[in-house]
**Student:** 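The structure follows.
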2 protein chains.
Amino acid sequence: MTAPLHEVHPAGPGRALPDTQQGMRRRNLARVMHAVNAEGPLSRAAVASRIGLTRAAVSTLVDELIRTGLLEELGPERPGRVGRPGSALAVSGHGPAGIGAEIGVDHLAVCAVDLRGQVRARAVRHGANRGGSPEPVVAELTELVRRVVAEAEGEGLWPAGLAVAVPGLVARDARTVVRAPNLDWHDTDLGALLPDDIPLTVDNEANFGALAELWLGEGTPLDFLHVSAEIGIGAAVVVAGGLLRGTRGFAGELGHVPVRPDGPACPCGGLGCLEQYAGEEAVLRAAGLEPGEDRVGLLAGRAAEGDAEVRRALRDAGEALGIALTGAVNLLDPESVVLGGALAGLAPWLLPSLEAELDRRTAGPACPVSVSRLGPEGPLLGAAHSVVRAVLDDPAVVGERD
Amino acid sequence: MTAPLHEVHPAGPGRALPDTQQGMRRRNLARVMHAVNAEGPLSRAAVASRIGLTRAAVSTLVDELIRTGLLEELGPERPGRVGRPGSALAVSGHGPAGIGAEIGVDHLAVCAVDLRGQVRARAVRHGANRGGSPEPVVAELTELVRRVVAEAEGEGLWPAGLAVAVPGLVARDARTVVRAPNLDWHDTDLGALLPDDIPLTVDNEANFGALAELWLGEGTPLDFLHVSAEIGIGAAVVVAGGLLRGTRGFAGELGHVPVRPDGPACPCGGLGCLEQYAGEEAVLRAAGLEPGEDRVGLLAGRAAEGDAEVRRALRDAGEALGIALTGAVNLLDPESVVLGGALAGLAPWLLPSLEAELDRRTAGPACPVSVSRLGPEGPLLGAAHSVVRAVLDDPAVVGERD
DNA sequence: ACTAATTTGTAAACCGCCATGACGAAATAG
DNA sequence: CTATTTCGTCATGGCGGTTTACAAATTAGT
């Protein structure tokens with residue numbers, strides 16, 4: 001029961017399933033779940049017209065989904081219209097739950113989200129995770145996970161999967177942390193250190209942040225660029241509602257896009273990379289501040305106070321971001337750009353110069369830039385929701401357990 | 001029979017088909033076609049094991065495909081192994097054909113490609129198409145199309161669709177040329193000017209060139225960046241075997257990626273765009289040459305002769321390309337970069353500096369850069385093959401005609 | 001040579017899944 | 001109070017792939 005490492009981003013309802021009648025059934029189960037999930041309580045007839053099947057077919061699909069605890073019958077709808085009122089169906093609040101976890105530089109967090117998207121349990125532990133060996137940190141995380149799972153189970157939920165967001169590069173096996181500079185971890189197999197009774201997925205926090213924006217953001221399109229910064233600057237490219245990961249899984253390295261090709265050398269080997277202008281360290285240095293604990297808070301505080309030096313540093317960073325984003329926007333033609341992570345908190349001072357650069361360098365209407373309203377919770381929520389989406393995308397796999 | 005504007009880029013075998021039994025059948029027909037097309041002559045049993053269906057199911061699918069003329073039975077295979085030899089199946093060379101057409105700045109070309117990928121008929125007309133009104137040019141193209149179709153029909157083929165490559169931006173309706181600066185065409189609806197008895201698709205020549213590379217190139221991966229230049233510099237982003245088009249269809253505008261943010265002004269409104277360093281005009285100017293007829297040939301000739309000024313101009317252009325590509329590669333992590341179009345001919349003098357820049361700006365192993373071996377034929381072949389792929393992706397639609 | 005083993009293609013029976021059509025149930029409209 | 005509309009379900013049927021069985025065509029072994 002450890003095994004089936006569910007895909008983090010199945011770019012749509014149930015993909016590569018075998019094209020046999022059973023596969024068809026599985027896909028149709030998924031379509032019912034998606035319809036009910038997306039458009040609130042719905043009657044069987046409403047679902048049928050949404051997904052293009054007959055009422056009879058939907059009836060049997062719904063029966064199965066209710067039997068396996070993924071849907072709930074809420075009872076008769078309020079009449080309003082002519083004809084017999086339907087019986088409202090809703091995604092279950094007592095079925096599977098997605099367990100999301102985040103390993104931050106100086107905190108650990110875990111939460112449980114039900115199929116409806118509600119956070120039903122959470123736990124946080126503050127304190128630096130930097131530098132030490134991974135084992136004790138992951139042991140603490142495991143403890144938090146157990147606590148959250150117990151709490152969720154108390155509410156009638158059961159864990160369908162665990163997704164862990166880490167600040168670093170993750171191998172395509174979705175288990176191994178290849179490199180997490182801020183934690184000083186290298187080639188760490190989290191699969192060996194975490195509970196093995198729950199299907200596990202590990203991914204970069206920026207990716208989960210982008211997915212959170214995709215699934216939870218208001219009016220977020222299916223094609224956008226999500227930019228976030230912790231210590232490095234990363235972008236996640238979302239195309240047609242799925243993450244673009246790249247051949248080696250390294251896509252989105254916006255931080256090393258050349259901004260001024262003859263600029264200062266970057267540890268990556270390049271010259272004048274964006275990170276040299278808009279990276280946390282670079283901005284702190286330009287602002288004349290010492291790198292300390294809550295660096296983003298410090299910058300935001302000073303900028304809010306009106307500190308001219310800090311504001312200039314942020315304005316310059318926004319300019320560099322604008323230049324790098326011009327390239328990205330020209331290449332990808334996204335519907336919008338979303339600023340998340342630490343950038344969201346600094347947006348008031350970054351945005352003006354960023355948008356100005358983007359605007360004047362783009363022919364025609366510029367690509368709209370917005371700020372994530374999810375704040376620092378993004379990656380954690382994205383992780384938990386990725387498990388929920390996996391269930392919605394293939395309800396049959398969880399139905400098999402009993 | 002004019003209507004069904006088949007998708008140019010259905011990112012895989014038969015997508016958004018309805019999830020009913022008929023849809024399943026259609027997808028399985030497509031899978032049989034793809035298996036036979038990709039792996040040469042195959043017996044029914046071999047196809048069955050490839051696509052995961054039973055021999056019996058494949059038998060009925062093959063029967064239908066033979067009846068509609070998409071597959072051919074070649075007869076018994078040469079034994080070799082133990083057991084009854086299978087009967088070899090091949091994609092038909094007498095069924096539907098894809099008609100590809102290209103409107104170049106100074107030529108028109110049309111060809112017919114059968115399902116096997118063989119070019120079975122072609123016609124070319126040289127002479128400038130620049131500046132004048134579209135009608136007479138399209139009338140000439142129509143004449144060429146009629147000739148090629150007649151020739152193909154003489155060989156037992158019938159036209160399944162017409163795909164036209166144009167040097168400009170095409171609206172998402174795949175019929176209207178929004179802007180083709182080199183032809184001086186604006187908002188031209190080719191659908192109204194071309195024969196209306198064949199399903200029509202119009203697309204940018206760079207897109208078709210990239211697709212040709214994807215389908216015809218040797219060892220081309222499913223994720224790569226195809227860079228081509230005619231007058232502007234365009235990139236096509238291929239992800240998972242499909243074109244990334246962008247929200248407005250403007251993805252791939254590599255020419256306006258900022259290379260030196262304080263560089264010379266570009267007509268697009270930007271500063272220091274790649275096109276200001278590696279665009280045809282810019283290179284000619286840097287090389288001290290006058291813009292004339294065969295500009296690429298001129299540059300290649302001088303460079304081959306050893307003209308130092310030309311070589312320096314090309315080296316500088318390669319450098320600028322390398323900088324812009326560093327950004328693109330960091331963002332997309334493609335498996336390779338392919339140089340096509342006019343760039344292919346100039347590659348010997350562009351590549352060294354291009355690769356040097358890419359190399360030193362990238363951490364770890366640099367993204368390999370290769371040169372298209374399709375030459376100037378790419379877009380034309382890509383157009384014709386796009387029709388062929390559409391048939392392979394959904395064999396049922398052509399089966400319906402009779 | 002002759003038999004045994006293996007593989008292919010097809011036909012018949014079967015099962016699963018959705019569509020069709022009919023029906024009772026529960027609401028509104030007149 | 002009846003006609004109409006809509007919902008959910010049931011029985012029937014068609015369609016599509018699987019299972020099972022078998023004849024055909026080849027190689028392997030004696």
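Numbers restart at 1 for each chain; the letters A, B, ... are given by sequence-line order, proteins then strands. Small disclaimer: the values here were computed from a predicted structure and weren't measured.
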**Student:** Heavy atoms under 4.0 Å, any strand shown: does B:S43 hit a base, just sugar-phosphate, or nothing?
**Tutor:**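 Sugar-phosphate only.
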**Student:** Atom CD of A:E73 and atom P of D:dG8: how far apart are they, to the nearest Å?
**Tutor:**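 Roughly 8 Å, once rounded to whole Å.
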**Student:** Between P on C:dT10 and CD on B:E64, what's the gap in Å once rounded to a whole number?
**Tutor:**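 After rounding, the gap between these two atoms is 15 Å.
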**Student:** A:G83 or A:S59: which one's nearest nucleotide on DNA chain D is closer to the 5' end?
**Tutor:**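 Nearest-nucleotide comparison on DNA chain D picks A:G83.
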**Student:** Between A:T60 and B:A88, which residue's closest nucleotide on DNA chain C lies nearer the 5′ terminus?
**Tutor:**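 Result: B:A88.
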**Student:** Expressed as a whole number of angstroms, how long is the span from B:R55:CZ to D:dT18:C1'?
**Tutor:**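 Nearest whole value for this atom pair: 12 Å.
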**Student:** Within the pair A:N28 and C:dC17, is there a side-chain N or O less than 4.0 Å away from OP1 or OP2?
**Tutor:**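 So the side-chain polar atoms of A:N28 never come under 4.0 Å of the phosphate oxygens OP1 or OP2 of C:dC17.
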**Student:** Heavy atoms only, 4.0 Å cut-off, all strands: where does A:A57 land among base, sugar-phosphate and nothing?
**Tutor:**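 Sugar-phosphate, no base atom in range.
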**Student:** Measure distances between side-chain N and O atoms of B:R84 and base N and O atoms of D:dT26, and say whether any donor-acceptor pair falls under 3.5 Å.
**Tutor:**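 No, the side chain and the base share no sub-3.5 Å donor-acceptor pair.
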**Student:** When B:V32 is tested against each of B:L53, B:L42, B:L61, B:L392 for side-chain contact (heavy atoms from CB on, under 4.5 Å), which residue passes?
**Tutor:**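 Only match with B:V32 under side-chain contact (heavy atoms from CB on, under 4.5 Å): B:L61.
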**Student:** Ignoring hydrogens and angles, are the base of C:dC17 and the side chain of A:Q21 linked by a donor-acceptor pair under 3.5 Å?
**Tutor:**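 In this structure, the two groups form no donor-acceptor pair.
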**Student:** Kindly determine whether B:E64 and B:R25 satisfy salt bridge (charged side-chain N to carboxylate O under 4.0 Å, His left out), including the steps that lead there.
**Tutor:** CA-CA 11 Å; B:E64 185 172 335; B:R25 180 108 184 138; 3.2 Å; yes
**Student:** Check B:E153 with B:R120, please: is the shortest side-chain N to carboxylate O separation under 4.0 Å?
**Tutor:**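 Here B:R120 does not pair with B:E153 in a salt bridge, since their nearest N and O are not under 4.0 Å apart.
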**Student:** Under 4.0 Å between any heavy atoms, over every strand shown, what does B:A45 touch: base, sugar-phosphate, or nothing? Just pick one.
**Tutor:**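 Sugar-phosphate, no base atom in range.
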**Student:** For B:D203 and B:F208, work out which heavy atoms get closest and say how close.
**Tutor:**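 Residues B:D203 and B:F208, closest heavy atoms: CB-CE1, 3.4 Å.
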**Student:** Using whole Å, report how far CZ of A:R25 lies from P of C:dA19.
**Tutor:**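 It works out to 11 Å between those atoms.
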**Student:** Between D:dT18 atom P and B:I51 atom CD1, what is the distance in whole Å?
**Tutor:**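 The answer, rounded to whole Å, is 9 Å.
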**Student:** Roughly how many Å is it from CZ in B:R27 to C1' in D:dC15, rounded to a whole number?
**Tutor:**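 Spelled out: CZ on B:R27 to C1' on D:dC15 is 15 Å.
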**Student:** Pick out which of A:N37, A:V91, A:V388 makes a side-chain contact (heavy atoms from CB on, under 4.5 Å) with A:R116.
**Tutor:**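 Answer after filtering A:N37, A:V91, A:V388: A:V91.
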**Student:** Does C:dT7 have its OP1 or OP2 closer than 4.0 Å to a side-chain nitrogen or oxygen of B:R44?
**Tutor:**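 Answer no for this pair, as no side-chain N or O of B:R44 is under 4.0 Å from OP1 or OP2.
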**Student:** Let me know the distance between CE of B:M24 and C1' of C:dA19, rounded to the nearest Å.
**Tutor:**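 Answer to the nearest Å: 14 Å.
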**Student:** Report the distance from atom CZ of A:R26 to atom C1' of C:dG16, rounded to the nearest whole Å.
**Tutor:**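 Rounded to whole Å, this separation is 15 Å.
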